[in-house]
Colleague: 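To start, I am sharing the structure in question, which I have written as structure tokens.
Note: hydrogens, waters and symmetry copies are ignored here, and every other heavy atom, side chains too, is used.
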Amino acid sequence: MLIDQVAILFILCVTFSLFTFSKWRYDVVSLISLILLFITHSLLVSFNFKSNIIIDKSQIFLGFGHPAVITVVAVLIISRALHNSGVVDMISREITPYSKNKYSHIFTLSSVASILSGLMNNVGALALMMPVAVKTSAKQRRSPTIILMPLAFASILGGMITMIGTPPNIIIANFRKDYLESIKSQALLDSGSESYNYFLSKNIELTNFEPTAFSMFDFSPVGLSISIIGIIFITILGWRFIPKKSYKKPGSESVFSIDEYITEIRIPENCKLLGLKINEVEKFTDDKLSIIGTINDKGDLDKVNDNYIIKQDDKFLIKTDPVDLKLMMNDLEIRFTKKMRQRIDKLKDDNTTYKELLITPESKLNNRNRTYLRRCSSNSLTLMAVARRNKPIRKGLSKIKFKVGDVLLIQGNADILENLINTLHLIPFEEREIQIGVYSKITLSLSIFIGVIILSIIGFLPTTLAFILAILLYVFTGILPMNQLYRFIDWPIIILLGSMIPLSNALESTGTSAILANILVSLTDGLPIWMIIVIIMIITMCLSDIINNAATALIMAPIAAGIGFSLNLNIDPFLMSVAVGASCAFLTPIGHQCNAIILGPGGYKFSDYWKMGLPLEIIIAIIGTPLILYFWPV
């Protein structure tokens, strides 16, 4: 093994480790990987070692201009345009009558989410369908817990249907063209090379062969079949695997009327809790209020002494439902702390409202605190309470660091709140109605979308340019305002892709992917092809549950293609197995953004995901393999 191959394997191990431990977000890890590539290559060259880690150092940032990256950006912008036109809201309104029966409720929502995910980014599709799911659940007095996980999983499944449904598909589509161009170049240079023999065995005339990417609907035969079977499983059996102890109580139209909001109160003069011991409060309030900490004069949180007798002006950190809290403030005469009360009164005006806001994976509030929130709003909002489902909060509001899936109850001016929602990438759900779009533009927006897809299919325009044309037409027609043009781009994903593409290229240029492929081929020697496909898919699934699915696709694509090349077989089924596996992140809330978004609203625990996700992944591996080999024979 050459020294640059050892170096690239070391960088790969470091990158995997950083992804796994999650100390830093995936975009930061990918930048670390990019810097390590450059430094390692420079050191090897300076010590007179041959290195193919980077072919041209001036093109180290070329990944950010890669067609896969531009396509992902374009898809995210188009998703917003479709939302603005009213397409999604119209569909949502039409499916509401099908929510009366539990099975039809899950099936209808999951099916629509899956279809939308095939046409737009699956995270965006989930965010748009969540309010519909919660509203219909409340109307039917049904726990949203049994609806939201099937909805999230269906959104992920739907991403498999088309090239634009999920970043891994876009990556695999473009990788196919790049890889075939690479081995074609080698074959033309050396008629005795493995590459030349590969094309010879396929009876392919090199001079007439033009490598192409997977097209928009090349993923559809396998992806659509898997989505249909997956949704049927989710509808009939899947939701039953969600533990009943995780079920949220039904009845509220707000996703986040959770019974575990954390806020701060004080005990005024006539409070009915005066004289009670702390351990008597839960029974006194019929389990509607729990004291989880005592706030001292310095504002710090002290541990609870169960035998402490409550006195006037005591301040506590409590856990309660906001609806129950409102009633208890009247019935028991408890109050917010003076600082919070003063802030509420100071900022109150005729346009004051309350909103419950979900922190998404893209939100700038992730890992930030109340001070940052105030700074972003020019000190014009009040944080009333915080809800978190996967871990108990044992800190005062001023010291809580927000996490993805947290729900913030915020009071403030409606216009300022609306601006905050957009700039910080939050999702509002309190009293959120389905907003009916400008229906006169639905036909226009769909016509533009279908039109550019046709231009791409017939080869008049490359897919990336076709999507850019669609964006321009959406801007010209007023469907997409200029101030929204870049607002909804998932920038961490873009940084991840642009930074990881050089690592993927380095695996090929150093010959490391070929070595790994040959090792896997030797380990599976004598096994049938279908079993090798299964192994590739399972490895990809496991990686996707630990690290970002786009990063998984970038790393596994050259290895899978190398296996197909080493076996002198068509590389397409091997790449398709990576595409399917990378989209199967169902075991943890960190494996996919859709899983992270529903963690708080659904009231799930970390361990709830695999109970429904593992059977689903097994089913996909069983049915996906014959589907891949049928539609993409070796």
Side-chain angles (χ1 to χ4, degrees), residues 76 79-80 82-84 88-89 92 109 112-113 116-117 120-138 144-145 147-149 151-156 248 252-258 261 322 353-368 372-373 376-377 381 383-390 402-412 414-435 437 484 487-493 589-590 592-604:
L76 293 171
S79 296
R80 186 62 196 180
L82 290 172
H83 173 233
N84 289 352
V88 177
D89 290 338
S92 300
L109 285 170
V112 172
L116 289 176
S117 294
M120 59 195 296
N121 177 262
N122 49 19
V123 177
L126 174 64
L128 292 167
M129 291 301 295
M130 276 178 66
V132 184
V134 174
K135 186 178 181 66
T136 51
S137 295
T145 306
I147 302 296
L148 291 180
M149 190 177 288
L151 183 66
F153 284 9
S155 299
I156 297 172
K248 278 181 58 182
S252 172
E253 291 188 9
S254 169
V255 178
F256 307 113
S257 289
I258 306 173
Y261 261 111
T353 187
Y354 296 85
K355 280 193 180 292
E356 292 172 296
L357 305 175
L358 168 70
I359 296 179
T360 67
E362 297 79 30
S363 177
K364 297 175 185 176
L365 284 182
N366 187 23
N367 211 32
R368 302 278 192 168
Y372 181 82
L373 172 64
C376 290
S377 64
L381 299 174
L383 177 67
M384 309 285 291
V386 179
R388 181 178 298 165
R389 291 295 297 186
N390 58 333
F402 307 130
K403 302 293 182 185
V404 173
D406 282 357
V407 188
L408 312 183
L409 179 61
I410 296 178
Q411 177 244 24
D415 296 330
I416 295 173
L417 272 171
E418 190 63 33
N419 183 59
L420 186 81
I421 289 165
N422 291 328
T423 56
L424 295 184
H425 295 286
L426 305 171
I427 298 179
F429 286 99
E430 184 180 22
E431 301 178 357
R432 175 173 172 174
E433 299 290 335
I434 301 171
Q435 297 180 353
Q484 292 185 6
R487 184 184 297 170
F488 296 95
I489 295 173
D490 187 353
W491 291 111
I493 285 289
I590 62 173
H592 197 283
Q593 289 162 300
C594 289
N595 293 348
I597 286 174
I598 63 163
L599 182 64
Y604 304 109

Colleague: Quick check for you: to the nearest 0.5 Å, what is the distance between T423 atom OG1 and E418 atom CD?
Modeller: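 CD of E418 is found 10.0 Å from OG1 of T423.
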Colleague: Check G412 against L381 and note the closest heavy-atom contact, atom names and distance.
Modeller: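 What the structure gives for the nearest pair is CA-CD2, 3.6 Å.
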Colleague: In Å, rounded to the nearest 0.5 Å, how long is the span from CG of L373 to NZ of K364?
Modeller: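 It is 13.0 Å, given to the nearest 0.5 Å.
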Colleague: Keeping the roles fixed (side chain from D406, backbone from K403), state whether a donor-acceptor pair exists under 3.5 Å.
Modeller: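 Yes; judged by distance alone, with no hydrogens or angles, the pair exists.
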Colleague: Could you give the distance from CD1 (I427) to OG (S363), rounded to the nearest 0.5 Å?
Modeller: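 Nearest 0.5 Å value for the CD1-OG distance: 9.5 Å.
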Colleague: Could you tell me if the side chain of I359 sits less than 4.5 Å from the side chain of L426, heavy atoms only?
Modeller: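 In short, these two side chains touch, coming nearer than 4.5 Å.
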Colleague: Which value, rounded to the nearest 0.5 Å, describes the distance between L109 atom CG and S155 atom OG?
Modeller: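 With rounding to 0.5 Å, CG (L109) is 10.0 Å from OG (S155).
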Colleague: How close do L151 and A113 get, counting heavy atoms only, and between which atoms?
Modeller: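 That closest heavy-atom pairing would be CD1-CB, 3.5 Å.
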Colleague: Go through the steps for L408 and L365 under the test side-chain contact (heavy atoms from CB on, under 4.5 Å), then give the verdict.
Modeller: CA-CA 11 Å; L408 312 183; L365 284 182; 3.8 Å; yes
Colleague: Go through the structure and list residues passing side-chain hydrogen bond (donor to acceptor under 3.5 Å, both in side chains) with N422, not counting sequence neighbours.
Modeller: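 Partners of N422 under the side-chain hydrogen bond (donor to acceptor under 3.5 Å, both in side chains) test: none.
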Colleague: Look up atom CZ in F402 and atom CG in L357, then write down how far apart they are to the nearest 0.5 Å.
Modeller: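 That separation rounds to 10.5 Å.
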Colleague: Is C376 close to L424 at the side-chain level, that is, under 4.5 Å between some pair of heavy atoms?
Modeller: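 Yes; the side chains approach each other to less than 4.5 Å.
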Colleague: Which atom names give the shortest non-hydrogen contact between T360 and H425, and what distance separates them?
Modeller: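 That closest heavy-atom pairing would be OG1-O, 2.7 Å.
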Colleague: What's the spacing between Y372 OH and N367 CG if we round to 0.5 Å?
Modeller: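 Between atom OH of Y372 and atom CG of N367 there are 11.5 Å.
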